[in-house]
Amino acid sequence: MHFEYNVKSGDFSNAGSASSQIKKVLKQLNVDSVTIKRIVVALYEAEVNVVAHSFGGTIFADVTAEEIILVLKDTGPGIPDITKAMQEGFSTASPQVREMGFGAGMGLPNIKKNADKLEIRSEVGVGTEVKIMVKLS
Amino acid sequence: MKIREVVALLDAKVFGNEQMLENEVEFAFSSDLMSDVLTVKTQNVLLLTGLANIQSLRTAEMSDVINVIYVRGKRITDDMKELAEENGILLMECNYSMFRASGILYKAGIKPIY
């Protein structure tokens, strides 16, 4: 199964709607609740990142019997230093993002903790691609 | 503990159906930082927060939290009520501070996560 969702920059009222829809799909597929939580927490963190940091992007979700692959592709400023961005506590979030309850520099590390595999590719001034893989079995 | 008892202890106002008052809770987590809530792995946690916005509800939804108490007199908006209803989440408003509400529940036997 393949799904695509557009994510708008700065649209905090809808941040999480794609994650919500993926959660419903996984529930219908009878994926166990612990795995669903790992997937949607990782996806939600990544979705909020696209809303908070990029100029907009798309989420591509591919679900098979064995795994789910989530790719979040955005256009935007990119991440100059991915190693630094992966450190807990490092954040470039705006005050607006912090008011939403995020921006504590915990998003990317938490995605890594919940994913079986995480790949981040980024080009400064172009955009970022985050690939999250979680086994379903 | 049943949510019905939590509501009585905190003198809280409830937004949800009567049946949800029978929800059982064993653990609670108090935070205004949703990034912290998203790291909680324990299931069936009662969330106490002063962050009354849509993102606190989205966080609850992703974290499988079905009982949320907004402390410090924060008011629940109509769009929050709508999203909560859609996801089967019980919302409560409490005028106590986060410290006071957490202390009352801890004393009554609700367990901390860490």
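Chain A is the first sequence line, chain B the second, and so forth, proteins listed ahead of strands; every chain is numbered from 1.
- How far CG of B/N44 is from OG of A/S33: 11.0 Å, rounded to the nearest 0.5 Å.
- Using a cut-off of 4.0 Å between Lys/Arg side-chain N and Asp/Glu carboxylate O, B/D64 and A/K23 are scored as salt-bridged.
- Across all non-hydrogen atoms, the minimal contact from B/E61 to A/S20 is OE2-OG, 2.6 Å.
- Your options are A/A104, A/P109, A/G103, and the one with the most heavy-atom pairs under 4.5 Å with chain B is A/A104.
- Taking 4.5 Å as the limit, every side-chain heavy atom of A/L43 sits out of range of all side-chain heavy atoms of B/M62.
- With respect to the salt-bridge test (charged N to carboxylate O, under 4.0 angstrom), the residues A/K24 and B/E86 qualify.
- Between B/R58 atom CZ and A/M100 atom CE the span is 13.0 Å, to the nearest 0.5 Å.
- Shortest non-hydrogen contact noted between B/L38 and A/N110 is O-ND2, 3.1 Å.
- Neither B/F99 nor B/L9 shares a network with the other; the hydrophobic side chains, linked directly or stepwise wherever heavy atoms of I, L, V, M, F, W or Y lie under 4.5 Å apart, form separate groups for each.
- Heavy-atom distances place both the backbone and the side chain of B/T59 under 4.5 Å from chain A.
- Looking at B/L33, the atoms closer than 4.5 Å to chain A (heavy atoms on both sides) sit in the backbone and in the side chain alike.
- With a threshold of 4.5 angstrom between heavy atoms, B/N53 approaches chain A through side-chain atoms but not through N, CA, C or O.
- Side-chain contact between A/V51 and B/Q55: absent, with no pair of heavy atoms (C-beta onward) separated by less than 4.5 Å.
- Contact annotation for B/D79: neither backbone nor side-chain heavy atoms come within less than 4.5 Å of a heavy atom of chain A.
- Proximity to chain B (any heavy atom under 4.5 Å) is shown, for A/S19, by both the backbone and the side chain.
- Interface summary for chain B: among A/F12, A/Y44, A/F102, the most heavy-atom pairs under 4.5 angstrom belong to A/Y44.
- The shortest distance between side-chain heavy atoms of B/K41 and A/R38 does not fall below 4.5 Å.
- Residues satisfying the salt bridge (charged side-chain N to carboxylate O under 4.0 Å, His left out) criterion with A/K117, sequence neighbours excluded, are A/E119.
- The greatest number of non-hydrogen atom pairs below 4.5 Å with chain B, out of A/I36, A/V48, A/V41, A/N14, is found for A/V41.
- Ranked by non-hydrogen atom pairs under 4.5 Å with chain B, the options A/K113, A/M106, A/E99 are led by A/M106.
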